[in-house]
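Keep in mind that the numbers below use all heavy atoms, side chains included, and drop hydrogens, waters and symmetry copies.
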Amino acid sequence: QVQLVESGGGSVQPGGSLRLSCAASGSIFRIDDMGWYRQAPGKERELVATITSGGSTNYADSVKGRFTISRDNAKNTVYLQMNSLKPEETAVYYCNAHILQSYIRSLDVWGQGTLVTVSS
């Protein structure tokens, strides 16, 4: 069994910063892509950022220049540094990872989500 555990959510004022973490644990052979998604109230889940095992990154246009995704492969952990946060970015942020348990078995795993509230 594999699980992702997120941390670092909370409340922040507009213009503030937060850093999210997501650690994978369990039966893991290798982790390929990892990413962050978010879902605001009444809206569909959307991509925020992804990172490959080699460190290549991809960002939603709305967060480019303000958010930074990174990972520590030794710790099976992915991070999301969020700066200059806006009220409309209030959402539940979810971690996602494509995890190989062997050469022939892979899983697409989601975390439980962590709430980020941006409000004055």
Side-chain angles (χ1 to χ4, degrees):
Q1 187 173 354
V2 177
Q3 64 175 351
L4 300 177
V5 178
E6 297 124 334
S7 61
S11 295
V12 64
Q13 292 187 341
S17 299
L18 281 176
R19 188 190 193 213
L20 306 182
S21 300
C22 171
S25 63
S27 178
I28 299 171
F29 172 63
R30 190 180 77 228
I31 302 178
D32 286 343
D33 292 1
M34 303 184 81
W36 290 94
Y37 294 74
R38 65 189 178 190
Q39 187 166 17
K43 295 188 176 181
E44 293 186 353
R45 191 173 298 188
E46 64 176 1
L47 168 73
V48 177
T50 61
I51 185 169
T52 68
S53 58
S56 296
T57 58
N58 178 56
Y59 295 93
D61 287 343
S62 61
V63 308
K64 286 180 180 177
R66 299 185 298 117
F67 289 14
T68 302
I69 188 171
S70 61
R71 64 190 283 174
D72 184 333
N73 290 332
K75 295 181 179 179
N76 290 335
T77 299
V78 63
Y79 306 95
L80 185 68
Q81 176 66 43
M82 305 184 293
N83 298 328
S84 302
L85 281 159
K86 304 174 181 180
E88 56 265 36
E89 294 179 312
T90 293
V92 177
Y93 283 70
Y94 295 92
C95 174
N96 173 264
H98 186 72
I99 295 174
L100 278 69
Q101 293 189 300
S102 70
Y103 284 111
I104 60 172
R105 177 175 172 82
S106 64
L107 300 171
D108 192 49
V109 184
W110 290 89
Q112 80 285 357
T114 185
L115 178 63
V116 172
T117 302
V118 186
S119 174
S120 55

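- Ser17 meets the side chain to side chain contact (heavy atoms under 4.5 Å, CB included) test with Gln81, Asn83; sequence neighbours excluded.
- Note on Leu18 and Leu80: same hydrophobic cluster, where clusters join Ile, Leu, Val, Met, Phe, Trp and Tyr whose side-chain heavy atoms are under 4.5 Å apart, directly or indirectly.
- Applying the salt bridge (charged side-chain N to carboxylate O under 4.0 Å, His left out) test to every pair with at least one member in residues 42-59, sequence neighbours left out, gives these pairs: Arg38-Glu46.
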For residues 6-13, run the donor-acceptor check on the side chains, cut-off 3.5 Å, and write out each pair with its distance to 0.1 Å, sequence neighbours left out.
| residue | atom | partner | partner atom | Å |
| --- | --- | --- | --- | --- |
| Glu6 | OE1 | Gln112 | N | 3.0 |
| Glu6 | OE1 | Gln112 | NE2 | 3.4 |
| Glu6 | OE1 | Gly113 | N | 2.6 |
| Glu6 | OE2 | Cys95 | N | 2.6 |
| Glu6 | OE2 | Gly113 | N | 3.4 |

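- Hydrophobic clustering (side-chain heavy atoms under 4.5 Å, transitive across Ile, Leu, Val, Met, Phe, Trp, Tyr) groups Ile99 together with Ile69.
- To the nearest 0.5 angstrom, Asn58 atom CG is 4.5 Å from Thr50 atom OG1.
- Side chains of Arg66 and Lys86 form a contact here, defined as non-hydrogen atoms less than 4.5 Å apart.
- The two residues Phe67 and Tyr59 have their closest heavy-atom pair at O-CE2, 3.3 Å.
- When the salt bridge (charged side-chain N to carboxylate O under 4.0 Å, His left out) test is applied to Arg71, no partner is found at least two apart in sequence or on another chain.
- Criterion: ILVMFWY side-chain heavy atoms under 4.5 Å apart, direct or through other members. Under it, Tyr94 and Met82 are not part of a common hydrophobic cluster.
- Scanning for salt bridge (charged side-chain N to carboxylate O under 4.0 Å, His left out) contacts around Asp61 gives Lys64, with sequence neighbours left out.
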Output side-chain donor-acceptor pairs under 3.5 Å for residues 19-34, partner residues at least two apart or in another chain, one line each.
| residue | atom | partner | partner atom | Å |
| --- | --- | --- | --- | --- |
| Arg30 | NE | Asp32 | OD1 | 3.0 |
| Arg30 | NH2 | Asp32 | OD1 | 3.4 |

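- If you take CD1 on Ile51 and CG on Asn73, they are separated by 8.0 Å, rounding to the nearest 0.5 Å.
- Interatomic distance, Ser62 OG to Leu47 CG, rounded to the nearest 0.5 Å: 9.0 Å.
- Side-chain contact between Val63 and Glu89 is present, with heavy atoms from C-beta onward closer than 4.5 Å.
- The hydrophobic cluster containing Val116 does not contain Val5, counting ILVMFWY residues as joined when their side-chain heavy atoms lie under 4.5 angstrom apart, directly or transitively.
- For the pair Tyr79/Thr68, no side-chain contact is recorded, criterion being any heavy-atom separation below 4.5 Å from C-beta on.
- The same ILVMFWY cluster, assembled from side-chain heavy atoms under 4.5 Å apart, contains both Leu115 and Trp110.
- Using a 4.5 Å cut-off on side-chain heavy atoms (C-beta onward), Tyr37 and Val92 make no contact.
- Thr90 places a side-chain N or O within donor-acceptor distance of the main-chain N or O of Val118, the cut-off being under 3.5 Å.
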